[in-house]
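For reference, the structure is listed below as structure tokens.
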Amino acid sequence: MISVDEARARVLAAIGAPRVRERPILDALNLALAEPVVAGLDLPPFTNSAMDGFAVRSADLRTASETQPVRLAVIGRLLAGETGALASASNSAVRIMTGAPLPDTCDAVIPFEEIEQSGADEIVARQPVMPGQNVRPRGEDVRAGDRLMLPGEPLTSARIGLLAALGIERVAVHPPPRVAILSTGDELAAGPLSPGRIHDSNGPMLAALVRQAGGEVTGISRVGDDLPALRTWLAGIGEVDLIISSGGISAGDSDYIRDLLLGELRLDFWKVAIKPGKPLALGNHGATPWIALPGNPVAAAVAFWQFARPALRKLGGHRAIDLPEVAVTILEPVENRGGRRAFIRAHVELTEAGYTARPVGKPGSAMLSGLIQANALLIVPESVVSATPGTRLTAQLLDPLGVTPAT
Ligand code: AMP
Ligand code: MG
């Protein structure tokens, strides 16, 4: 048996370099950047007003007070988008809108709401104004030459906005890894259930997990326990970056994925010290890596999160390849006999004292009903046989947005 950490390291070592493509920024949402982004211009590109109001010279208003108000002649108007560089002489002001370029001779803006008295061509100021007030100086946000984004960072909505502000329309990114998904087993029904048959839950679930991890599913196939049929399927999968299968890799009589990988393809086959999800195989079909997950649905999901998800994230060029983890206080006792690392379906909540975790659902690795209540996997280390309420452990968040404050 090998450890979870070693299995993960071996899977990652088998994953090649991500592909690189140039894409319009809006077609690159959530993809990882393949190149750094360096600002080619200052933001804002010119000094401009932060408010609707009057552009003034602060020196003119140094002595302004309730008893000695200062009158300024309004000599013109600047709207956003206008370029006319209006120069104001002393004791004059320019009516200016947010985003309009500040006249070179002005150094502050008094917002409309702070001017008590104004006429068509005159305003009255009753207090001084600080130089720079309500002014957005050129380059205050970004300086040309700033390194703003690093390879492997995801194109979030904010990054797309910043790229657009910089006038960058296309970026080099790592496209989603293409994944072929295979469910195996003679018991998997093609349509309505007949005796001895079950519906394929792993195929759709793994496809959803692949998409959540940023992958693209090229197909969800079902093949019976039949070596020639498996070979035929393999021959027709087309161009993919990763194969993910479930089932057929334990010690059973008809576990043909195991036989196929052992017999014909380059293979690592391990019993991993993990609960659930012990059998795991890593093989390849030509240059394409193949992660073979166990058949029991919860075991398949847990093994996906530990081994296939990091592989997919790496194939997608992401720097962040692991699920987010938080320290939790457990609310119920947990047990873990057998020296394997246990991943327990749990519900994590945010309380005033930090995160808490409570096991949810029935424990069997074939039972999906509990998994739908879980927003996290509680990790019980190999060395911990039992833990009492109050113990601090680590949980992987499956759905960080689903972690809500306790009610
Ligand atoms: P296996 O590893 O192929 O022996 O499968 C272990 C268990 O998982 C068996 O009870 C299978 O029926 C079940 N199983 C395998 N594949 C699937 C699937 N795609 N959907 C639901 N259950 C499955
Ligand atoms: Mg099977």
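Ligands are counted one by one from 1 in listed order, and the atoms in each one are counted from 1 as well. None of these values were measured; they are calculated from a predicted model.
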Problem - Shortest protein contact, atom 5 (O) of ligand 1 (heavy atom only) - result: G295 CA, 3.7 Å
Practice task
Among all protein heavy atoms, pick out the one at the shortest distance from atom 12 (O) of ligand 1; state its residue, atom name and that distance to 0.1 Å.
Solution key: E187 OE2, 2.5 Å
Problem - Distance filter under 4.0 Å to D255 heavy atoms, resulting ligand 1 atoms - result: 3 (O), 4 (O)
Problem - Flag for Q306-Q396: side-chain donor and acceptor within less than 3.5 Å - result: yes
Exercise for the section: Tell me, yes or no, whether the heavy-atom count around M130 atom CE, taken from other residues, nucleotides or ligands under 6.0 Å, exceeds 12. Expected result: no
Problem - For V334 against P359, the heavy-atom pair lying closest together - result: CG1-CG, 3.8 Å
Handout entry: Identity of the nearest option to atom 17 (C) of ligand 1, non-hydrogen atoms only, from D253, N202, L182
Key = N202
Fill in the blank from the handout: Short version for S250: what comes under 4.0 Å of ligand 1, heavy atoms counted, is side chain
Handout entry: E325 atom CD, neighbour heavy-atom count above 12 within 6.0 Å
Key = yes
Handout entry: Under-4.0 Å salt bridge between R8 and D322
Key = yes
Completion exercise
the protein heavy atom lying closest to atom 21 (C) of ligand 1 turns out to be S201 OG, 3.2 Å
Handout entry: L26 CG: over 12 foreign heavy atoms closer than 6.0 Å
Key = no
Fill in the blank from the handout: Note: ligand 1 atoms sitting under 4.0 Å from heavy atoms of G247 are 2 (O), 3 (O)
Practice task
Write out the residue and atom name of the closest protein heavy atom to atom 22 (N) of ligand 1, then the distance separating them to 0.1 Å.
Solution key: I198 CD1, 3.4 Å
Practice task
Please identify which atoms of ligand 1 are closer than 4.0 Å to at least one heavy atom of S183.
Solution key: 19 (N)
Handout entry: L188 contact mode with ligand 1 (heavy-atom cut-off under 4.0 Å)
Key = side chain
Problem - More than 12 heavy atoms of other groups within 6.0 Å of R170 CZ - result: yes
Problem - T184 near ligand 1 by a heavy-atom separation under 4.0 Å - result: yes
Exercise for the section: Check if G185 has a non-hydrogen atom at a distance under 4.0 Å from any atom of ligand 1. Expected result: no
Exercise for the section: Flag the pair R337 and E335 as a salt bridge only when some basic side-chain nitrogen lies within less than 4.0 angstrom of an acidic carboxylate oxygen. Expected result: yes
Handout entry: Whether P294 lies under 4.0 Å from ligand 1, heavy atom
Key = no
Handout entry: For G248, atoms of ligand 1 separated by under 4.0 Å from a heavy atom
Key = 1 (P), 2 (O), 3 (O)
Problem - Atom of T98, atom of A50 and distance for their closest heavy-atom approach - result: CG2-O, 3.8 Å
Completion exercise
If we number the atoms of ligand 1 from 1 as shown, the ones under 4.0 Å from a heavy atom of D200 are 18 (C), 19 (N), 20 (N)
Practice task
Scan side-chain atoms only and decide if D107 and S58 contain a donor-acceptor pair under the 3.5 Å cut-off.
Solution key: yes
Handout entry: Protein contact of atom 7 (C) of ligand 1 - nearest heavy atom, named by residue and atom, plus distance
Key = N296 OD1, 3.3 Å
